[in-house]
Amino acid sequence: MTDRKPQRKDWMSLFAKAAEDRLAELWQAAAMAPDFTWLRRPESGAVMLRGLAGGQGAPFNLGEMTVTRASVRLAGGQVGHGYVAGRSKRKAEIAALCDALMQDPAAAPAVEAAILGPLAREAEAAAAKRAAKAAATKVEFFTMQRGED
């Protein structure tokens, strides 16, 4: 990912934001098949999205969003959770398994190299592309002092 050790919030964010097909492709290519038990099988529901008026004012309910979650326990005792937008049970399962594996010191480097690294690089490239596209539309205004006053 970066030079620093990834934090749980970082990898959970990458799993949640990754395209389902890409996450499944990386998972399959990594050929990881840990023994696990379900703590919570994948299930979909809705969460309320809240906003702040003016970015810092009074909170208000913006609307609902569909989310799928899953929880697993690996044979070694590590617990993983997956929360993803939409109704993809497979994506929530993979996210939960990866989360659990990242908490296993023996498995974490493999998950980081095979899944987190590519997802992070792709997310950074997409952000750079968006920034370049936005920069191309930037307008520089030049004003001259009028000499009055």
Side-chain angles (χ1 to χ4, degrees), residues 1-36 38-57 59-142:
M1 291 178 57
T2 61
D3 293 338
R4 69 178 177 82
K5 183 177 184 227
Q7 301 294 311
R8 192 173 194 194
K9 67 178 184 166
D10 299 328
W11 69 67
M12 295 292 280
S13 176
L14 282 173
F15 299 145
K17 293 175 184 175
E20 177 184 356
D21 293 342
R22 182 64 176 142
L23 183 60
E25 175 185 318
L26 291 170
W27 175 255
Q28 186 174 5
M32 296 180 188
D35 289 332
F36 71 94
W38 290 108
L39 296 177
R40 181 182 311 262
R41 289 190 175 275
E43 59 187 4
S44 297
V47 295
M48 179 60 68
L49 301 177
R50 302 210 35 158
L52 297 175
Q56 59 189 357
F60 63 95
N61 292 337
L62 183 63
E64 292 182 344
M65 177 177 159
T66 303
V67 175
T68 302
R69 67 180 180 180
S71 297
V72 298
R73 176 176 289 133
L74 299 182
Q78 297 84 357
V79 174
H81 306 285
Y83 288 87
V84 300
R87 298 181 180 276
S88 174
K89 293 180 178 183
R90 180 68 177 145
K91 184 177 176 184
E93 176 186 345
I94 294 169
L97 288 168
C98 288
D99 178 42
L101 288 168
M102 282 298 293
Q103 296 174 62
D104 179 355
V111 175
E112 190 171 351
I115 300 171
L116 289 181
L119 289 178
R121 286 189 295 276
E122 291 164 11
E124 289 169 5
K129 185 176 179 180
R130 281 191 307 273
K133 188 174 180 180
T137 64
K138 183 178 179 183
V139 177
E140 295 287 342
F141 290 94
F142 176 75

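- Looking only at side-chain heavy atoms (C-beta outward), Leu119 and Trp11 stay at 4.5 Å or farther from each other.
- In this structure, the separation between CG on Asp21 and CD on Glu25 is 8.5 Å, given to the nearest 0.5 Å.
- Glu122 meets the salt bridge (charged side-chain N to carboxylate O under 4.0 Å, His left out) test with Arg22; sequence neighbours excluded.
- Crowding of Asn61 atom CG: a count of heavy atoms from other residues, nucleotides or ligands under 6.0 Å exceeding 12.
- A donor-acceptor pair under 3.5 Å is formed between the side chain of Thr137 and the backbone N or O of Ala134.
- Residues that satisfy the side chain to side chain donor-acceptor pair (under 3.5 Å) test with Glu43, not counting sequence neighbours, are Arg40, Arg69.
- Although no hydrogens or angles enter the test, the distance criterion places no donor-acceptor pair under 3.5 Å between the side chain of Gln56 and the main chain of Leu52.
- Leu74 and Phe36 get closest at one heavy-atom pair: CD2-CB, 4.0 Å.
- The distance from atom CE of Met32 to atom CG of Leu97, rounded to the nearest 0.5 Å, is 10.5 Å.
- Lys91 places no side-chain N or O within donor-acceptor distance of the main-chain N or O of Thr68, the cut-off being under 3.5 Å.
- Rounded to the nearest 0.5 Å, atoms CH2 (Trp27) and CD (Glu93) are 8.0 Å apart.
- Between Pro118 and Ala113, the shortest heavy-atom contact is CD-O, 3.4 Å.
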Note to self: One pair to check against side chain to side chain contact (heavy atoms under 4.5 Å, CB included): Arg130 and Lys133. What are the steps and the verdict?
What the structure shows: CA-CA 5 Å; Arg130 281 191 307 273; Lys133 188 174 180 180; 5.7 Å; no

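- To the nearest 0.5 angstrom, Gln28 atom CD is 9.0 Å from Ile94 atom CD1.
- Contact between Leu23 and Ala18 at its shortest, heavy atoms only, is CB-CB, 4.3 Å.
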Next item on the list: Under the salt bridge (Lys or Arg N to Asp or Glu O under 4.0 Å) rule, what do Glu124 and Arg121 come out as? Steps first, then yes or no, please.
Entry: CA-CA 5 Å; Glu124 289 169 5; Arg121 286 189 295 276; over 6 Å; no

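- Each of Leu116, Leu14, Leu26, Ile115 was scored for a side chain to side chain contact (heavy atoms under 4.5 Å, CB included) with Cys98, with one residue passing: Ile115.
- Legend: residues meeting side chain to side chain donor-acceptor pair (under 3.5 Å) with Arg87, ordered by chain and number and at least two apart, are absent.
- Evaluation of the side chain to side chain donor-acceptor pair (under 3.5 Å) rule for Thr66 yields no partner, not counting sequence neighbours.
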List, one per line, each side-chain donor-acceptor pair under 3.5 Å for residues 76-85, sequence neighbours excluded.
from	atom 1	to	atom 2	distance (Å)
His81	ND1	Ser71	OG	2.7

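- Rounding to the nearest 0.5 Å places CG of Leu39 at 5.0 Å from CZ of Arg73.
- A distance of 10.5 Å separates CZ in Arg8 from CE in Met102, rounded to the nearest 0.5 Å.
- Remark: Arg41 pairs with no residue by the side chain to side chain donor-acceptor pair (under 3.5 Å) rule, at least two apart or across chains.
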